[in-house]
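As C-alpha cells, the structure follows; a few thoughts come after it.
Chain A is the first sequence line, chain B the second, and so forth, proteins listed ahead of strands; every chain is numbered from 1. Just so it is clear, the values below take in all heavy atoms, side chains as well, and ignore hydrogens, waters and symmetry mates.
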2 protein chains.
Amino acid sequence: MASLGELERAVMDLLWAGHEAATANTLRDLLAQDSAAVDGNAGHQGKDLAVTTVLTVLSRLEKKGLVERERGTRPHRYQAVSSRADHTAELMHEVLGSAPDREAVLARFIGSVTEGEAATLRKLLGYN
Amino acid sequence: MASLGELERAVMDLLWAGHEAATANTLRDLLAQDSAAVDGNAGHQGKDLAVTTVLTVLSRLEKKGLVERERGTRPHRYQAVSSRADHTAELMHEVLGSAPDREAVLARFIGSVTEGEAATLRKLLGYN
DNA sequence: CCCTATTTCTACGTTACGTAGAAAACTACT
DNA sequence: AGTAGTTTTCTACGTAACGTAGAAATAGGG
C-alpha cells in the first residue's frame with residue numbers, strides 16, 4: 001500500500017533531500033528545485049508541471065502518511081514524515097513481511113549483498 | 001514493476017507451495033487447491049472464480065516473468081520461476097535499490113529485526 | 001477593497017488488476 | 001469422422017491509482 005508513482009517519488013526525493021537539513025519546503029521551493037533538476041540529473045525530467053499538479057501529489061502523499069503539511073503558515077510548508085532511509089527500511093520490512101520463511105528470505109538476501117555491505121552489517125549486528 | 005495484486009499473490013502462493021515439491025501445476029490443480037483453501041485459511045477467500053479468471057492471471061504473471069508455462073503438454077503446466085524466498089529477497093534488493101544511502105537503510109533495517117533473526121544474520125554473515 | 005499567490009475541487013486519460021463471457025483450439029469417446 | 005467436454009485465447013468491463021491540470025474558492029498585501 002506504500003508504493004509510489006514516478007512523480008510521487010520525485011517529489012518525495014525533493015522532500016527527503018530537505019529532511020536532513022530539517023528544511024520545511026513551500027510549494028515554490030519544490031517547483032524551483034524541480035526545475036533546477038533539469039540540469040544534469042538523469043532520473044526525473046523537470047517537465048515544468050502545473051502548480052496544481054504538484055499540489056495534488058502532495059495531498060496524496062499526505063493522505064498516504066508520507067508527508068506532513070503545516071497549515072498554519074500561509075504558503076503551507078511540506079516535509080517528509082520520515083527520512084528516506086527510514087522509509088526504505090520500513091518498506092523492506094514490509095516486503096519481508098510475516099512470511100513463514102522469513103529466515104530463508106534473509107538468507108537469500110544476504111547472499112546477494114556486496115562485501116562492503118556485509119561488513120557494515122556485521123558491524124551493525126554487534127560482536128556477538 | 002513487480003508488485004502483485006491480491007489475486008495474483010494468491011495464485012503465486014499456490015505455485016510457490018508447489019515450487020518446493022517441484023510440482024508442475026495444471027489449471028485444475030490450482031482451482032482445486034484454491035477451493036480447498038476455503039477451509040481454515042485466513043488470507044484468501046476461495047471465491048470460486050471462473051476458470052478464465054485464473055487463466056488470465058496466470059498469463060499476466062507469465063508476462064511479468066514470475067511464472068513459466070509448459071505449452072507442450074495439453075493441460076498446460078504452470079510453475080513459479082523462482083521460490084518465494086528468492087522472489088522476496090529480490091524484491092528486498094529492489095526496494096533497497098541503488099540509493100546513495102544504502103548503508104543507512106541497512107542500518108535502519110537491522111535496527112528493527114527480531115533478536116532471533118539478528119542471530120540468523122550473524123550466522124549467515126560468517127563469524128567475524 | 002482589489003490583485004495575486006495559494007489552495008481546494010473536480011475531472012479526464014492511462015494503466016494495472018479482478019473478473020469473466022464468447023469463441024477458438026484441442027482431446028476423447030463413440 | 002462427429003460430437004461433446006476441456007482448455008486456452010481474445011476481448012472487455014468496472015474499479016482504483018496516478019499523472020495531469022483547469023476552474024473556483026481563499027487568503028494576504030498594497
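Per the geometry, CG belonging to Leu27(A) stands 13 Å off P belonging to dA5(C), to the nearest Å. One can place CZ of Arg71(A) at 10 Å from C1' of dT8(C), the figure rounded to the nearest angstrom. The CD-P distance, from Glu6(B) to dA17(D), rounds to 13 Å in whole Å. Remark: C1' of dA21(D) and CG of Leu7(A) are 12 Å apart, rounded to the nearest angstrom. The nearest whole Å value for the distance from the CG atom in Leu58(A) to the P atom in dG19(D) is 12 Å. If you take CG of Leu61(B) and C1' of dG18(C), they are 12 Å apart, rounded to a whole angstrom. With rounding to whole Å, Asp29(B) atom CG is found 16 Å from dT6(D) atom P. Counting to the nearest Å, the P atom of dG22(D) and the CG atom of Leu49(A) are 11 Å from each other.
Distances shown here put every side-chain N or O of Thr56(B) at or beyond 4.0 Å from the OP1 or OP2 atom of dT19(C). Between Arg69(A) and dT8(C), a side-chain N or O to OP1/OP2 separation shorter than 4.0 Å is present. Residue Lys64(B) places at least one side-chain N or O under 4.0 Å from the OP1 or OP2 atom of dC17(C). Taking 4.0 angstrom as the limit, Arg60(A) places none of its side-chain polar atoms (N or O) nearer than this to OP1 or OP2 of dA17(D). Residue Thr26(B) places no side-chain N or O under 4.0 Å from the OP1 or OP2 atom of dT6(D). Dashed line: the shortest gap from a side-chain N or O of Tyr78(B) to OP1 or OP2 of dT7(D) is not under 4.0 Å. Here Arg28(B) reaches the OP1 or OP2 of dT7(D): one of its side-chain N or O atoms lies under 4.0 Å away. Within the structure, every side-chain polar atom (N or O) of Arg9(B) is placed at least 4.0 Å from both OP1 and OP2 of dG18(C).
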* To do: Run the numbers on Glu68(A) and Lys63(A) for salt bridge (charged side-chain N to carboxylate O under 4.0 Å, His left out), then give the verdict.
  => CA-CA 9 Å; Glu68(A) 201 172 24; Lys63(A) 188 176 333 186; over 6 Å; no
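The listed nucleotides are dT9(D), dT7(C), dT20(D); the one nearest the side chain of Thr53(A) is dT20(D). Checking dT7(C), dT19(C), dA21(D) against the side-chain heavy atoms of Leu55(A) singles out dT7(C) as nearest. Relative to the side chain of Glu8(B), the nucleotides dT20(D), dG18(C), dT8(D) differ in distance, and dG18(C) lies closest.
Nucleotides of DNA chain D nearest to Ala50(A) and Leu4(A) differ in position, and the one nearer the 5' end is that of Leu4(A).
Under the 4.5 Å side-chain criterion, counting only non-hydrogen atoms from C-beta, Pro75(A) is not in contact with Arg28(A).
Under the salt bridge (Lys or Arg N to Asp or Glu O under 4.0 Å) criterion, Glu8(A) pairs with Lys64(A), not counting sequence neighbours. Under the rule for a salt bridge (Lys or Arg N to Asp or Glu O under 4.0 Å), the partners of Arg108(B) that lie at least two apart in sequence or sit in another chain are Asp86(A). Residues satisfying the side-chain hydrogen bond (donor to acceptor under 3.5 Å, both in side chains) test with Glu62(A), not counting sequence neighbours, are Arg69(A), Arg71(A). Legend: residues meeting side chain to side chain contact (heavy atoms under 4.5 Å, CB included) with Thr53(A), ordered by chain and number and at least two apart, are Leu7(A), Leu49(A), Ala50(A).
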* **Base versus backbone protein contacts along nucleotides 23-30 of chain C [heavy-atom cut-off under 4.0 Å; B, S, -]** => --BSS---
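Among pairs with a residue in residues 9-26 of chain B, those fulfilling salt bridge (charged side-chain N to carboxylate O under 4.0 Å, His left out) read Asp13(B)-Arg84(B), at least two apart in sequence or across chains.
A continuous path of ILVMFWY side-chain contacts below 4.5 Å connects Leu125(A) to Leu96(A), so both sit in one hydrophobic cluster.
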